[in-house]
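Working notes, beginning with the structure itself.
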Amino acid sequence: MHKSTLEQWGLLDEVVRHGSFANAAEANHRSQSSVSYNLAMLQERLGVTLLETQGRRTVLTPAGEELLAQVRPLLKAFYTLEKRAIAIQNGERSRIELVVDSILPRENLFSVLREFQRRYPRTQVNVTEVLETQVPDSDHADVLVLSQRQPGSGRGEWLMNVDFVAVAHPDHPLLQQDGVISAEQLTAYPLVRIADRQHFSVLQERNHGEVWSCSTIEAAIEAVTHQVGFGWLPETRIQAALAAGTLKVLPLQQGVRRATALHLLINNHIIVIDASLQTLLNLLREQSWH
(Lines give C-alpha, C1' and ligand atoms only; values in the text may rest on other atoms or scores of the structure.)
Protein backbone atom coordinates (compact mmCIF):
# COMPACT_ATOMS: atom_id res chain seq x y z
CA MET A 1 0.00 0.00 0.00
CA HIS A 2 1.41 3.37 -1.02
CA LYS A 3 1.94 5.93 1.71
CA SER A 4 1.17 8.88 -0.57
CA THR A 5 -0.98 9.78 -3.56
CA LEU A 6 -0.41 11.83 -6.69
CA GLU A 7 -3.14 14.16 -5.47
CA GLN A 8 -1.14 14.95 -2.33
CA TRP A 9 2.05 15.54 -4.28
CA GLY A 10 0.11 17.72 -6.71
CA LEU A 11 -1.20 19.83 -3.83
CA LEU A 12 2.33 20.14 -2.45
CA ASP A 13 3.51 21.40 -5.81
CA GLU A 14 0.63 23.91 -5.92
CA VAL A 15 1.44 25.26 -2.43
CA VAL A 16 5.06 25.80 -3.46
CA ARG A 17 4.07 27.47 -6.72
CA HIS A 18 1.53 29.81 -5.08
CA GLY A 19 3.51 30.46 -1.92
CA SER A 20 0.80 29.63 0.63
CA PHE A 21 -1.93 27.17 1.56
CA ALA A 22 -4.61 29.83 1.05
CA ASN A 23 -3.50 30.74 -2.48
CA ALA A 24 -3.12 27.09 -3.49
CA ALA A 25 -6.59 26.30 -2.11
CA GLU A 26 -8.15 29.19 -4.04
CA ALA A 27 -6.38 28.24 -7.29
CA ASN A 28 -7.64 24.64 -7.02
CA HIS A 29 -11.13 25.51 -5.82
CA ARG A 30 -10.64 23.71 -2.51
CA SER A 31 -10.88 24.71 1.13
CA GLN A 32 -7.68 25.68 2.90
CA SER A 33 -8.37 23.05 5.55
CA SER A 34 -8.56 20.33 2.88
CA VAL A 35 -5.16 21.33 1.48
CA SER A 36 -3.61 21.54 4.95
CA TYR A 37 -5.01 18.16 5.98
CA ASN A 38 -3.73 16.38 2.84
CA LEU A 39 -0.23 17.78 3.23
CA ALA A 40 -0.15 17.04 6.94
CA MET A 41 -1.09 13.43 6.19
CA LEU A 42 1.57 13.27 3.45
CA GLN A 43 4.32 14.41 5.82
CA GLU A 44 3.11 12.21 8.66
CA ARG A 45 3.02 9.04 6.54
CA LEU A 46 6.43 9.72 5.00
CA GLY A 47 7.94 10.75 8.33
CA VAL A 48 9.62 13.69 6.59
CA THR A 49 9.05 17.43 6.93
CA LEU A 50 8.46 18.78 3.44
CA LEU A 51 7.42 22.39 4.09
CA GLU A 52 8.50 25.27 6.29
CA THR A 53 7.49 28.90 6.68
CA GLN A 54 9.82 31.72 5.68
CA GLY A 55 8.22 35.08 6.38
CA ARG A 56 4.83 35.05 4.68
CA ARG A 57 5.70 32.29 2.26
CA THR A 58 5.54 28.52 2.57
CA VAL A 59 8.62 26.91 1.00
CA LEU A 60 10.12 23.47 0.65
CA THR A 61 12.65 22.05 3.05
CA PRO A 62 15.80 20.53 1.48
CA ALA A 63 14.17 17.11 1.78
CA GLY A 64 10.98 18.48 0.22
CA GLU A 65 12.94 19.93 -2.72
CA GLU A 66 14.66 16.61 -3.36
CA LEU A 67 11.49 14.51 -3.21
CA LEU A 68 9.25 16.89 -5.16
CA ALA A 69 11.90 17.14 -7.92
CA GLN A 70 11.57 13.38 -8.40
CA VAL A 71 7.77 13.47 -8.36
CA ARG A 72 7.26 16.38 -10.78
CA PRO A 73 7.95 14.28 -13.94
CA LEU A 74 5.28 11.84 -12.72
CA LEU A 75 2.82 14.69 -12.16
CA LYS A 76 3.51 16.06 -15.64
CA ALA A 77 3.03 12.62 -17.21
CA PHE A 78 -0.22 12.15 -15.30
CA TYR A 79 -1.58 15.55 -16.36
CA THR A 80 -0.66 14.72 -19.98
CA LEU A 81 -2.45 11.39 -19.67
CA GLU A 82 -5.62 13.09 -18.43
CA LYS A 83 -5.52 15.65 -21.26
CA ARG A 84 -5.01 12.81 -23.75
CA ALA A 85 -8.07 11.03 -22.35
CA ILE A 86 -10.15 14.18 -22.80
CA ALA A 87 -8.88 14.53 -26.38
CA ILE A 88 -9.83 10.92 -27.15
CA GLN A 89 -13.26 11.49 -25.63
CA ASN A 90 -13.66 14.47 -27.98
CA GLY A 91 -12.74 12.33 -31.01
CA GLU A 92 -9.17 13.59 -31.47
CA ARG A 93 -6.69 11.11 -32.92
CA SER A 94 -3.76 9.94 -30.83
CA ARG A 95 -1.66 9.04 -33.89
CA ILE A 96 -1.55 9.66 -37.64
CA GLU A 97 0.44 7.38 -39.96
CA LEU A 98 2.03 9.39 -42.79
CA VAL A 99 3.85 7.63 -45.65
CA VAL A 100 5.91 9.81 -48.01
CA ASP A 101 8.09 9.24 -51.02
CA SER A 102 11.75 9.74 -50.12
CA ILE A 103 12.06 12.54 -52.70
CA LEU A 104 9.56 14.76 -50.86
CA PRO A 105 11.54 17.87 -49.77
CA ARG A 106 12.28 17.31 -46.09
CA GLU A 107 12.60 20.97 -45.15
CA ASN A 108 9.02 21.58 -46.24
CA LEU A 109 7.79 18.36 -44.66
CA PHE A 110 9.32 19.29 -41.30
CA SER A 111 7.75 22.74 -41.57
CA VAL A 112 4.34 21.08 -41.97
CA LEU A 113 4.96 18.73 -39.03
CA ARG A 114 6.19 21.56 -36.81
CA GLU A 115 3.03 23.58 -37.41
CA PHE A 116 0.84 20.51 -36.94
CA GLN A 117 2.56 19.75 -33.63
CA ARG A 118 1.89 23.31 -32.49
CA ARG A 119 -1.83 22.90 -33.19
CA TYR A 120 -2.19 19.30 -32.02
CA PRO A 121 0.56 18.67 -29.44
CA ARG A 122 -1.07 15.45 -28.25
CA THR A 123 -1.34 13.83 -31.70
CA GLN A 124 1.73 11.91 -32.82
CA VAL A 125 2.61 11.74 -36.52
CA ASN A 126 4.62 8.68 -37.54
CA VAL A 127 6.49 9.33 -40.80
CA THR A 128 7.65 6.48 -43.04
CA GLU A 129 9.80 7.19 -46.11
CA VAL A 130 9.56 4.80 -49.06
CA LEU A 131 11.13 4.47 -52.50
CA GLU A 132 9.07 5.03 -55.64
CA THR A 133 8.24 1.40 -56.41
CA GLN A 134 8.35 0.16 -52.84
CA VAL A 135 4.84 -0.92 -51.86
CA PRO A 136 3.98 0.62 -48.47
CA ASP A 137 1.59 -0.95 -46.00
CA SER A 138 -1.24 1.31 -47.15
CA ASP A 139 -3.77 -0.49 -44.93
CA HIS A 140 -2.09 1.08 -41.91
CA ALA A 141 -1.29 4.44 -43.52
CA ASP A 142 -3.71 7.31 -43.04
CA VAL A 143 -2.14 9.79 -45.46
CA LEU A 144 0.30 9.09 -48.29
CA VAL A 145 2.39 11.37 -50.51
CA LEU A 146 3.56 9.18 -53.39
CA SER A 147 4.28 9.26 -57.10
CA GLN A 148 2.05 6.27 -57.77
CA ARG A 149 -1.41 5.32 -56.56
CA GLN A 150 -1.37 2.45 -54.09
CA PRO A 151 -3.97 -0.27 -53.40
CA GLY A 152 -6.26 0.87 -50.59
CA SER A 153 -5.77 4.58 -51.31
CA GLY A 154 -8.09 6.94 -53.13
CA ARG A 155 -7.46 8.55 -56.49
CA GLY A 156 -5.75 11.41 -54.70
CA GLU A 157 -4.74 14.82 -55.96
CA TRP A 158 -1.62 16.35 -57.43
CA LEU A 159 0.54 17.93 -54.74
CA MET A 160 3.79 18.98 -56.37
CA ASN A 161 6.50 18.23 -58.93
CA VAL A 162 9.97 17.28 -57.75
CA ASP A 163 12.64 18.47 -60.18
CA PHE A 164 15.68 16.31 -60.87
CA VAL A 165 18.70 17.96 -62.47
CA ALA A 166 21.65 16.33 -64.28
CA VAL A 167 24.84 17.03 -62.33
CA ALA A 168 28.41 15.88 -61.88
CA HIS A 169 31.50 16.83 -59.89
CA PRO A 170 33.27 19.88 -61.43
CA ASP A 171 36.33 17.69 -62.19
CA HIS A 172 34.28 15.01 -63.98
CA PRO A 173 35.46 14.48 -67.60
CA LEU A 174 32.02 15.51 -68.93
CA LEU A 175 32.56 19.01 -67.57
CA GLN A 176 36.02 19.28 -69.10
CA GLN A 177 34.55 19.23 -72.62
CA ASP A 178 33.61 22.33 -74.58
CA GLY A 179 30.03 23.01 -75.60
CA VAL A 180 26.87 21.05 -74.91
CA ILE A 181 26.92 17.34 -74.07
CA SER A 182 25.12 14.88 -76.32
CA ALA A 183 23.32 11.72 -75.27
CA GLU A 184 26.04 9.70 -77.03
CA GLN A 185 28.75 11.36 -74.93
CA LEU A 186 26.87 10.46 -71.73
CA THR A 187 27.02 6.74 -72.52
CA ALA A 188 30.79 6.72 -72.06
CA TYR A 189 30.49 7.38 -68.32
CA PRO A 190 28.73 5.61 -65.43
CA LEU A 191 25.24 6.79 -64.58
CA VAL A 192 24.41 6.99 -60.86
CA ARG A 193 20.72 6.50 -60.23
CA ILE A 194 18.46 6.23 -57.22
CA ALA A 195 17.09 2.71 -57.04
CA ASP A 196 13.50 2.41 -58.31
CA ARG A 197 13.34 5.91 -59.77
CA GLN A 198 11.99 5.80 -63.31
CA HIS A 199 13.89 8.62 -65.01
CA PHE A 200 15.10 6.27 -67.72
CA SER A 201 13.15 3.59 -69.48
CA VAL A 202 14.62 0.09 -69.32
CA LEU A 203 15.71 0.40 -72.96
CA GLN A 204 17.46 3.72 -72.29
CA GLU A 205 19.35 2.24 -69.36
CA ARG A 206 20.43 -0.78 -71.41
CA ASN A 207 21.71 1.53 -74.12
CA HIS A 208 23.43 3.80 -71.62
CA GLY A 209 26.10 1.40 -70.52
CA GLU A 210 27.33 1.28 -66.94
CA VAL A 211 24.66 2.09 -64.35
CA TRP A 212 25.23 2.32 -60.62
CA SER A 213 22.10 2.06 -58.41
CA CYS A 214 21.99 3.54 -54.91
CA SER A 215 19.29 2.63 -52.41
CA THR A 216 18.98 6.16 -50.98
CA ILE A 217 19.10 9.71 -52.26
CA GLU A 218 21.95 10.50 -49.87
CA ALA A 219 24.05 7.62 -51.24
CA ALA A 220 23.46 8.75 -54.82
CA ILE A 221 24.50 12.31 -53.97
CA GLU A 222 27.66 11.02 -52.26
CA ALA A 223 28.48 8.82 -55.25
CA VAL A 224 28.19 11.70 -57.71
CA THR A 225 30.11 14.02 -55.39
CA HIS A 226 32.95 11.47 -55.24
CA GLN A 227 33.04 11.20 -59.05
CA VAL A 228 31.68 7.66 -59.30
CA GLY A 229 29.57 8.99 -62.16
CA PHE A 230 26.97 11.61 -63.06
CA GLY A 231 23.26 11.53 -62.34
CA TRP A 232 19.88 13.21 -62.11
CA LEU A 233 19.43 14.24 -58.47
CA PRO A 234 16.59 16.04 -56.64
CA GLU A 235 17.36 19.73 -56.92
CA THR A 236 16.13 20.54 -53.42
CA ARG A 237 18.61 18.08 -51.92
CA ILE A 238 21.66 19.43 -53.77
CA GLN A 239 21.09 23.19 -53.61
CA ALA A 240 23.85 23.63 -51.03
CA ALA A 241 26.28 21.54 -53.12
CA LEU A 242 25.44 23.55 -56.25
CA ALA A 243 25.93 26.82 -54.38
CA ALA A 244 29.25 25.58 -52.93
CA GLY A 245 30.44 24.37 -56.33
CA THR A 246 30.95 20.75 -55.27
CA LEU A 247 28.36 19.74 -57.88
CA LYS A 248 27.71 21.37 -61.23
CA VAL A 249 24.82 21.18 -63.70
CA LEU A 250 25.68 19.35 -66.92
CA PRO A 251 25.09 21.39 -70.12
CA LEU A 252 23.08 18.71 -71.95
CA GLN A 253 21.57 19.12 -75.38
CA GLN A 254 18.25 18.11 -73.88
CA GLY A 255 16.84 16.61 -70.70
CA VAL A 256 18.82 18.61 -68.15
CA ARG A 257 15.74 18.58 -65.94
CA ARG A 258 13.22 15.81 -65.30
CA ALA A 259 10.21 16.02 -63.04
CA THR A 260 8.33 13.50 -60.92
CA ALA A 261 4.79 14.32 -59.76
CA LEU A 262 3.79 13.52 -56.19
CA HIS A 263 0.17 13.00 -55.19
CA LEU A 264 -1.65 13.38 -51.89
CA LEU A 265 -3.63 10.24 -51.06
CA ILE A 266 -5.96 9.22 -48.22
CA ASN A 267 -6.65 5.69 -47.03
CA ASN A 268 -9.98 4.45 -48.41
CA HIS A 269 -10.84 2.98 -45.02
CA ILE A 270 -11.13 6.47 -43.53
CA ILE A 271 -14.81 7.38 -43.78
CA VAL A 272 -14.83 10.51 -41.62
CA ILE A 273 -11.94 12.97 -41.75
CA ASP A 274 -11.59 14.42 -38.26
CA ALA A 275 -10.24 17.90 -37.46
CA SER A 276 -6.63 16.82 -36.82
CA LEU A 277 -6.40 14.79 -40.04
CA GLN A 278 -8.02 17.61 -42.02
CA THR A 279 -5.49 20.04 -40.57
CA LEU A 280 -2.58 17.86 -41.69
CA LEU A 281 -4.06 17.55 -45.19
CA ASN A 282 -4.56 21.33 -45.41
CA LEU A 283 -1.02 22.04 -44.21
CA LEU A 284 0.37 19.68 -46.86
CA ARG A 285 -1.74 21.37 -49.55
CA GLU A 286 -0.87 24.89 -48.45
CA GLN A 287 2.87 24.32 -48.08
CA SER A 288 4.98 26.24 -50.58
CA TRP A 289 6.76 23.19 -51.98
CA HIS A 290 10.02 23.93 -53.73
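Residues take their numbers from the sequence shown, with the count starting at 1. Only heavy atoms go into these numbers, but all of them, side chains included; no hydrogens, no water, no symmetry mates.
- Two residues are said to be in side-chain contact when any heavy atoms from C-beta on lie closer than 4.5 Å; Leu67 and Trp9 meet this criterion.
- Tyr189 has its side chain within reach of His172: a pair of non-hydrogen atoms, C-beta onward, lies under 4.5 Å apart.
- Between Leu191 and Trp212 there is no side-chain heavy-atom pair separated by less than 4.5 Å.
- Side-chain contact between Leu109 and Val100 is present, with at least one heavy-atom pair separated by less than 4.5 Å.
- To the nearest 0.5 angstrom, Arg72 atom CZ is 12.0 Å from Gln70 atom CD.
- Residues Ser34 and Asn38 are in side-chain contact: their nearest non-hydrogen atoms beyond the backbone lie under 4.5 Å apart.
- Of all heavy-atom pairs spanning Arg285 and Leu159, the tightest one is CA-CD1, 4.1 Å.
- Residue Arg30 holds its CZ atom at 12.5 Å from CZ of Phe21, rounded to the nearest 0.5 Å.
- Side chains of Asn23 and Ser20: a donor on one and an acceptor on the other come within 3.5 Å.
- Within 6.0 Å of atom CD in Glu218, more than 12 heavy atoms from other residues, nucleotides or ligands are found, so the atom counts as buried in its surroundings.
- Interatomic distance, CG of Leu233 versus SG of Cys214, reported as 9.0 Å (0.5 Å rounding).
- For the pair Thr216/Ser102, no side-chain contact is recorded, criterion being any heavy-atom separation below 4.5 Å from C-beta on.
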What's the verdict on side-chain contact (heavy atoms from CB on, under 4.5 Å) for Asn126 and Arg95, showing C-alpha distance, side-chain angles and the deciding distance? CA-CA 7 Å; Asn126 292 336; Arg95 183 176 67 252; 2.8 Å; yes
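- Here CG of Leu98 is found 8.5 Å from CG of Leu104. Values are rounded to the nearest 0.5 Å.
- To the nearest 0.5 Å, the span separating CD on Glu235 from CD1 on Ile103 amounts to 13.0 Å.
- Between Ser111 and Glu115 there is no side-chain heavy-atom pair separated by less than 4.5 Å.
- Here the CG atom belonging to Leu284 is positioned 10.0 Å from the CZ atom belonging to Phe116, to the nearest 0.5 angstrom.
- Under the 4.5 Å side-chain criterion, counting only non-hydrogen atoms from C-beta, Leu175 is not in contact with Asp171.
- For the 3.5 Å distance criterion, the side chains of Asn282 and Gln278 qualify, holding a donor opposite an acceptor.
- Around CD of Glu26, the count of heavy atoms belonging to other residues, nucleotides or ligands within 6.0 Å does not exceed 12.
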